[in-house]
Each structure stands twice: as C-alpha cells, then as structure tokens.
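Whatever order the structure lists them in is the order used to number ligands and atoms, beginning at 1.
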Amino acid sequence: MATKYIFFTGGVVSSVGKGVTAAAFGKVLKERGFRVAVQKLDPYINVDPGTMSPYQHGEVYVLDDGAETDLDLGHYERFIDIRLNRVCNVTTGQVYAEVIGKERRGDFLGGTIQVIPHITNEIKRRISLVAKTTGAEIVLVEVGGTVGDIESLPFLESLRQLRSDLGRDNTAYVHVTWLPYIGATEELKTKPTQHSVHELRSIGISPDMIVARSDTPVEEDLTDKIALFCDVEKRAVIPMVTTPVLAEVPLMLEETHAGEYLLERLHLESRKQPDWSAWKRMVEETRKDKPEVTIALVGKYVELHDAYMSVREALKHASLALGVSLHMNWILSTDLEKGKCMDLLEEADGVVIPGGFGSRGIEGKINAAHYARTNRVPYLGLCLGMQLMVVEFGREILGTDKVNSTEFDQTTPNPVIALMPEQEGVIDMGGTMRLGLYPCVLQPGTIAANAYKTDEVQERHRHRFEFNNHYRQVYAEHGMIFSGQSPDGRLVEIAELKDHPFMLGTQFHPEFLSRPNRPHPLFVAFVRAACEKAGIPFQDPPFDFDE
Ligand code: GLN
C-alpha cells in the first residue's frame, strides 16, 4: 500500500497540545492494526535542541540512535509505544545546513538556490525518509508553531505540495485550534478558529479535520458552526476538552470516531477492532483517590516543569503501577545552597536528582544527596544525579571537600568524575556527547539487577563525563557497588550504596524508556522504596496495564 500521511498544523495559539493530539491519533491508528510513526517539523534555525536552554525549549528527548530531539517525540513514543529515529525530528537548521552543504559542493551546477523548490524539496525528502527508515504505513507529521508564523511557511508550503505529489487519497490535514472562553458572556468563541483556517487556506491548505481544543465542554451548535464556517464535515470537527490525565486523550478521540473518519478519508479499512480495556483500566486507576507519595526533584530549571518532562512522566508511570498518587516537590538547587527549602526536602519520601549541565546549583544538589544518604531517604540519581551521588560519597569516604567532577572544578585533586577520554579535544557542542543506546551488564543480586530481573539492558545516554576508574577500589571498599557496567567493564553505568534502603544512580537516562503501561523497573523500585520508607500502602505486585 502507498504510505499515507496525516499532517497536523496548529492555529490560534501555541501550547494547545498539538503534540499530544498527534500522539493520541497515532495510538488510535496503531490500535486498528497499522504501523505508524510520527515526525515533528520544528521551524527554528538551531540544528537540534541539544544546545538550547531547557528554559527555552523544555527537555531534550534522546532517541535510541542518539538523536537529541524535541520533547514531543517523548509524547509520541510513550503514547504509541514505538521507537523513533533521527529522521523523525526535522529543524529548519538541518534543512538549510544540508542544502547549503550541497550548494558549496557544487551539486546544483550553478543554479540559483531558492526556498521553492530547493528548501521545500529537502523538507519533502526528509518527510519521505520516515516511512523508509521505520517501515511505517501511516506517517503523522506535526508542524511546530502556529499557522501565521513566518518561520513555518516553507514547511507548510511543502505539505501543500505533497497533496499533489502523493494524491488526495494519501494525505489528510488536521488543524488543531483553540476556542477561547469569554467569562463575561460565558461562552466559547469560534472566530479565532475561523481566522486561522482562513490563514491556512491562503497558503493553499484546506483542512480535512479540525480539532477544537478548549477548557470547557464544546456544545454541538459550536462544532456545527465551525463545520459551516470552515468548510469541513460536521463529523470532522473534533472537540477536545482539556484533561489532567493525558492518557485519556486517545479514549476521548476514540469516542468521536475521529480515527475512523481519517481512515475513511485515506481509503483504509481498520485491520482490527481496537481493544482499549487495559488502557481504560489504567485511566480509571489514575482517576482514583490514592495514598500520596511525595518525591522531591532538585534541579536548576524547576520553574519550568517541561524541562523534566520524561522524569516526571516516568515517576507518574511508576506511581500508578504501585497504586499511589504522585506529589512532586520541585526544589531549585540554588535554594538548597542558601539553606532554603530544606522543609520541601524533609517532607519528601524520595529524592530525584535529574540530568543537568554546568555548575549553577551543583552544591545544592550535593546537599540533597548528602541529606538522602545520611537520612536513609530513597535517592534516584539520573546521569548528573549519579555523578553527584559519587561526588558526595567521595567527600565522605576520602575525608575532604576537595572531591569533585572536573566539569565543575578542573583542578580538583580528587576528580572522581572526569571527562571521558574520547571527549577530550571535542570543541563542537552539538551532537558530540556519548549519545543513545548502549548496553549495560548488571551484577546479579544488586538492587539494579533485582529491579530489572535480567542480566543485561540497553539504555539511552547523553553525557561527556564518567566515573573515574582510578577510584573504583576505594569506593567499593566503602560500600559502593557498581551494579551496572559497560560489557567491557570500563564504564560505570549504575552505582548503588550497600548500606542504604535505596541510593542508586545511573549514568544513563532510564526515564526515556518508561511507558504509561510499562513503567521503568528502576523507577518502580525507587517509588516502592519511597513508599516503604514512609509506610505508605502500595499495590504489590504492581498493576500490570500492559496486556
Ligand atoms: N553534565 C554531565 C555530563 O556531561 C551529566 C549529563 C547529564 O546529566 N545528561 O556527563
């Protein structure tokens, strides 16, 4: 069968949940027996978000192949339970770099290089790579930003061209908009949606479906009105009310028959009856009142929760499986340096130090690790969090404060965390870390091996620094177990403390592989330890929503 494409554009305002909507459509289609993949087109000129501040962009999501991508790829992977690759996140920067590279090589034989056709051809080539590299039968493509932005014009023009390139039966356009609520008159307004569709039309794209997002229920007269003014069928106007439970979105879509409508438009027939029973149970469980577990997350970007999207999601997945509800105490690491916010730490049943870069707030995170170790509070360190757990423990056992990672003190006499040899001399900051999937061999009998219930795992990485093997022996003598290592034994992948209920750090990022219906084993082990420590009743064995 010809590859089918569904294009998602956004209207009215940003942040209406276009990524979640696209992911939910992917889930609805996968449930009907199709192989799907999702691609995000990002209009910014950065080549990837790897070098962007999390304040600007939220978390950097890492794929198996080491691509540093937009956090929407996390939504796609988690919802649809798929593994994507680097062609699934395209930026304007990548497109121009490629075209200019070709121009410099003389590939265009003296031609004048223009947005149409050269840039649009490169965009279309990249869209075509998704099906080729993933085997997807239906490719969902989300354009970042909002219709009307200057930056996204070449992407929208490419999507317009694809309808004539690929044919009407193989392409569908879904426009996701926002219905503002006017408090004074107590009504939702469709005018911005009309304007946005008008704008899209002026570019040459007529949407086949409109997803109308709103904070309050959308009555039928309103969807009828949108259908009439925007020239789409009534059943192709899909109201989508805000829900705090993201996993509910595919179920809400299902009720509107939006998936069936798109299949019909693309001349496809469902291959199987969707079975939502396990997913529904999961959503019901989420909605229940449950005992609460409090987890402190200490970071330097905590004002923007999106900067830790996957960590929070992984904690939620684990809590859900354990039948407890997650409460997070977000703690700014610099506050802990000033002795502030200790109450938030003391209140917590477990402490997470996530990944991070740069020295701001580092001592605050080390304080948090010290607190967790000495008070026997469960601790989960992710990448930087593992490195700081090593630094903190080193200060204790080596009896000096002059223990550090060379990332923060290049002249420390005790560089217990040091630059990986292959990183020396690396000048380019973009895409040059140790990135993506690498194997990790587990030592039987450890907390890590017991959690994973296996002897080797593959996890996603993003780091330049590593445990300095020079210190392995002395650490081991004092009770640190290197429970996960690279197969050649050279690199410490997981460290844990012997005389502690749960103090464990990973050099990799387990959060990227957690799924709502298949929580990551290390997160489950950590949240379980937090519940045990605080005497919070939990579900044992954990719920299994993965049938
Ligand atoms: N900055 C540390 C390193 O480069 C940790 C990276 C991370 O937490 N992702 O190794």
For ligand 1, the portion of Gln387 having any non-hydrogen atom under 4.0 Å away
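It is the side chain that touches ligand 1; the backbone stays farther off.
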Region of His509 engaging ligand 1 - heavy atom pairs below 4.0 Å
side chain
Please check if the distance between the ring centroids of [X] and [Y] is under 6.0 Å.
X      : Y      : result
His463 : Phe508 : no
Tyr301 : His57  : no
Phe526 : Tyr379 : no

Using a 3.5 Å cut-off on N or O atoms only, is Gly355 in polar contact with ligand 1?
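No, there is no polar N/O contact under 3.5 Å.
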Looking only at N/O atoms, are Leu384 and ligand 1 under 3.5 Å apart anywhere?
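N/O-N/O distance below 3.5 Å exists for this pair.
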Derivation and outcome, salt bridge (charged side-chain N to carboxylate O under 4.0 Å, His left out), residues Arg434 and Glu466:
CA-CA 10 Å; Arg434 180 170 180 260; Glu466 64 176 355; over 6 Å; no
For ligand 1, which atoms sit closer than 4.0 Å to a heavy atom of Glu407?
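Heavy-atom distances to Glu407 below 4.0 Å select 1 (N), 2 (C), 3 (C).
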Should you measure from each heavy atom of Gly356, which atoms of ligand 1 turn up under 4.0 Å away?
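Once the distances to Gly356 are compared, the set is 1 (N), 2 (C), 5 (C), 6 (C), 7 (C), 8 (O).
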Would Glu77 and Arg515 count as a salt bridge (charged side-chain N to carboxylate O under 4.0 Å, His left out) here? Give the steps.
CA-CA 8 Å; Glu77 286 204 336; Arg515 300 285 181 263; 3.7 Å; yes
Nearest neighbour in protein (non-hydrogen) for atom 4 (O) of ligand 1
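Looking at atom 4 (O) of ligand 1, the protein heavy atom closest to it is Arg464 N, 3.0 Å.
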Please write down residue, atom name and distance for the protein heavy atom closest to atom 9 (N) of ligand 1.
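The answer is Arg462 O, 2.8 Å.
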Looking only at heavy atoms, the pair that brings Val524 and Leu322 closest together is O-CD1, 3.6 Å
Search all heavy atoms of Leu442 against all heavy atoms of Gly484 and return the closest pair with its distance.
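Nearest pair, atom of Leu442 first, then Gly484: CD2-CA, 4.3 Å.
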Which is closest to atom 6 (C) of ligand 1 in terms of heavy atoms, Ser359, Gly358, Cys383, Gly381?
Cys383
